[in-house]
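Below: the structure, in structure tokens.
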Amino acid sequence: MKDKVVFISGSARGLGASLAEYFYHDNANVFCASRSGEKPKSLENTDPKRVSSGTLDICDYPSCEQAISQCLSIFGRIDILINNASGFFGRKKIGDYSPVELRSEIETTLLGAINLTNVFVERAALEEINQHIIFISSTSGLSREGGNELFPVYAAAKAGIIRFAECINASTREKGIYSHTLIPSNIREANLAYEAAVSRSDVFQAIKFLIEPSHNLYVDQIVLNPARVQKP
Ligand SMILES: NC(=O)c1ccc[n+]([C@@H]2O[C@H](COP(=O)([O-])OP(=O)(O)OC[C@H]3O[C@@H](n4cnc5c(N)ncnc54)[C@H](OP(=O)(O)O)[C@@H]3O)[C@@H](O)[C@H]2O)c1
């Protein structure tokens, strides 16, 4: 990953922070974008030439423009955009949401990634080299089974992410930008009850597989499920 520049949304904590760490230790340069503008704690004392950070609210289009521009002015390019930031407003059945919650869930989980992607393609496309957009969706966006009635708006937004990534494929590939969707089931570190869930390291390994330059094939989606099934 040497000399690659990775832009990660929502990277002050959670999966985004772990991905920033993994990419850093794999020799990439990392731009950590988050609402606080802070680097993940574990990367606080790293070389600013390798790890930089800036504020980003994915629901606010000018904020997306500002963060992408800031990354470009620091590193000169973006090789990999990771659309990680997302909202999850807890377990609620339809009828139990307030209008504000409905709007926030869709704006954060679906529109936010679309905002950032639009800015990236407009401002950061390099034409002569391959670039990648990684969308982090969820298996809740795939199925009408498995408890999705407890977070239907989140599930709909994650389904929207999958469709959006499929729809932009043709036009972005013309520019040498490959979009890929990772569709993980429960992530272990966020759901300690699920011992046999997917780990953050599994997500990183899957991203590496997607962007590996030696692949002759373009892999546009990966569904990540644990090898063993375990109920909490
Ligand atoms: N956890 C799981 O089991 C699981 C399973 C499948 C898929 N996923 C997906 O994996 C990704 C990461 O999950 P996670 O568990 O790390 O989630 P998380 O702990 O809830 O973190 C969400 C991240 O999104 C950021 N964010 C929220 N609203 C934002 C906004 N308006 N602008 C910018 N950033 C914003 C948060 O930043 P702040 O620090 O500012 O709040 C935080 O960094 C998400 O896309 C999630 O849907 C998670």
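The analysis underlying the following values was restricted to heavy atoms, covering all of them including side chains, and did not include hydrogens, waters or symmetry mates. Read the numbers this way: they start at 1 and go in the same order the structure lists the ligands and their atoms.
Residues forming a ring pair (Phe, Tyr, Trp, His ring centres under 6.0 Å) with F75 (at least two apart in sequence, or on another chain): none. For A33, the side chain to side chain contact (heavy atoms under 4.5 Å, CB included) partners at least two apart in sequence or on another chain are F7, F31, L56.
The shortest non-hydrogen separation linking V198 to S185 is CG2-OG, 3.7 Å. When all heavy atoms of K49 and N29 are compared, the closest pair comes out as O-OD1, 3.9 Å.
At least one N or O atom of R35, backbone or side chain, sits closer than 3.5 Å to an N or O atom of ligand 1. Here's the thing with S11: none of its N/O atoms is less than 3.5 angstrom from an N/O atom of ligand 1.
In this structure, atom 19 (O) of ligand 1 has a protein heavy-atom contact shorter than 4.0 Å.
Of the listed residues (S138, S185, S34), the one carrying the non-hydrogen atom nearest atom 5 (C) of ligand 1 is S185. Across I58, D60, L111, L224, heavy-atom proximity to atom 32 (N) of ligand 1 is greatest for I58. Comparing heavy-atom distances from atom 23 (C) of ligand 1 across G14, S86, G16 singles out S86 as nearest.
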(message) Applying side-chain hydrogen bond (donor to acceptor under 3.5 Å, both in side chains) to S11 and N84, what does each step give before you reach the verdict?
(response) CA-CA 8 Å; S11 47; N84 165 74; over 6 Å; no
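Separating the CD atom in Q131 from the OG atom in S179 is a distance of 12.5 Å, to the nearest 0.5 Å. Note that the NE2 atom of H180 and the CD atom of Q221 stand 11.5 Å from one another [nearest 0.5 Å]. Rounding to the nearest 0.5 Å places OG of S18 at 6.0 Å from CD of E189.
Not a single heavy atom of E107 lies less than 4.0 angstrom from ligand 1. Contact between A17 and ligand 1 is absent, with no heavy atom of the residue lying under 4.0 Å from the ligand. In this structure, G87 falls outside the shell of residues with a heavy atom less than 4.0 angstrom from ligand 1.
Atom 31 (N) of ligand 1 has D57 OD1, 2.9 Å as its closest protein atom, hydrogens excluded (heavy atom only). Of the protein's heavy atoms, L15 N, 2.8 Å lies nearest to atom 16 (O) of ligand 1. Closest to atom 6 (C) of ligand 1 among all protein heavy atoms lies P184 O, 3.4 Å. Here the protein heavy atom with the shortest distance to atom 43 (O) of ligand 1 is G10 O, 3.0 Å. In terms of protein heavy atoms, atom 9 (C) of ligand 1 is closest to I136 CG2, 3.7 Å. Atom 12 (C) of ligand 1 has its closest protein heavy atom at N84 OD1, 3.1 Å. Distance from atom 7 (C) of ligand 1 to its nearest protein heavy atom, with residue and atom name: S137 O, 3.2 Å. Of all protein heavy atoms, the one closest to atom 39 (O) of ligand 1 is R13 NE, 2.8 Å.
Residues K93 and E149 are not paired through a salt bridge, judged by the lack of any N-O separation under 4.0 Å between the basic side chain and the carboxylate.
The C59 neighbourhood of ligand 1 comprises atoms 31 (N), with distances under 4.0 Å to a heavy atom of that residue. The A85 neighbourhood of ligand 1 comprises atoms 24 (O), 25 (C), 26 (N), 34 (N), 35 (C), with distances under 4.0 Å to a heavy atom of that residue. The L56 neighbourhood of ligand 1 comprises atoms 32 (N), 33 (C), with distances under 4.0 Å to a heavy atom of that residue. Ligand 1 places these atoms under 4.0 Å from at least one heavy atom of N186: 3 (O).
A side-chain contact (heavy atoms from CB on, under 4.5 Å) with E105 is found for exactly one of T109, T108, L102, namely T109.
Under the 4.5 Å side-chain criterion, counting only non-hydrogen atoms from C-beta, I187 is in contact with R200.
Neither the backbone nor the side chain of F88 has a heavy atom within less than 4.0 Å of ligand 1.
Remark: the backbone N or O of A155 is not paired with any side-chain donor or acceptor of S140 at under 3.5 angstrom.
Classification of the Y154-F88 ring pair by plane angle, with boundaries at 30° and 60°, yields perpendicular.
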